[in-house]
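Small disclaimer: the values here were computed from a predicted structure and weren't measured. First listed ligand is number 1; within each ligand, the first listed atom is number 1.
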Amino acid sequence: MLTKKIYDGINHQWIMFGRDPEKPKAIIDTNQYMVRTRNNALLMDPGGIELFSAMLANVVKQVPVQQISHVFASHQDPDIISSLGLWDKALETATLHAPWLWEGFIRHFGMENISFDAIPDEGSTVTLDSVTLQFIPAHYLHASGNFHVYDPAAKVLMSGDVGAALEPIDAPLFVDDFDEHVKSMHMFHQRWMPSNLAKNDWVNRVRALDIELMCPQHGRMFAGDNVKRFLDWFEALDVGTAIKR
Ligand SMILES: [Fe+2]
Ligand SMILES: [Fe+2]
């Protein structure tokens, strides 16, 4: 599994994990993210059961396991958080931040030690040492209760399934040719995103944020001007297309 530091600040770092060559072919490839502060770490969308051992091995190279005090699940999907029951055994004490709507569902993955912080619909924040991260509402994109993580100091938005692309395991980490990359995103967003109303509401709110790096859970990350290109493209896209209108 590849490990890449994507932000290196005075008080914290962002680290991406992904492109695991051991991953079975029939399983969708995922990106996992971690914010590390002085004494704490937040794991974001830590992934499925099948990549838990690779994730744990790579995460502990970056941070002692005792310092992983927070976990975040953008929504309830198995590719997001089905590893929860295993993290529950590995982490001594930690809090899972996830949409309130999905608590009774996410607990099916197994959660005895980790405590549940139910994020209200309007969002909330979490502070690790001196670093505050925001849980930004992204409901219906694609899950009915869904959040992204915004870091105003690093200007990073972890955008869950928004910005996702279906690509080979050896795809580059960053979008280079945006127009070419659209081919890998088009079907994913049209089919998995159900609501134009939700999409446009999200685009309007995210446009107001200062973002240098947008980090989806599948595919490549968007840096610099490609963030704005994505927002323009997504705004213009008609989604929810499985229903004929
Ligand atoms: Fe999902
Ligand atoms: Fe996903």
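Aromatic ring pairs are classed by plane angle as parallel below 30°, tilted from 30° to 60° and perpendicular above 60°; the pair H70 and H97 is parallel.
Note on K199 versus D238: no salt bridge recorded, every NZ/NE/NH1/NH2 to OD/OE distance being 4.0 Å or above. Using a 4.0 Å cut-off between a side-chain N of Lys or Arg and a carboxylate O of Asp or Glu, K23 and E50 do not qualify as a salt bridge.
With hydrogens and angles left out, the side-chain atoms of D161 and H218 include a donor and acceptor closer than 3.5 Å.
When distances from the Fe ion (ligand 2) to the N, O or S atoms of D161 are compared, OD1 comes out shortest.
If you put the vertex on the Fe ion (ligand 1), NE2 of H75 and NE2 of H142 sit 100° apart, to the nearest 10°. Between the OE1 atom of Q217 and the OD2 atom of D79, the angle centred on the Fe ion (ligand 2) amounts to 90° when rounded to 10°.
Within the coordination shell of the Fe ion (ligand 2), defined by N, O or S atoms under 2.8 Å, D77 is absent.
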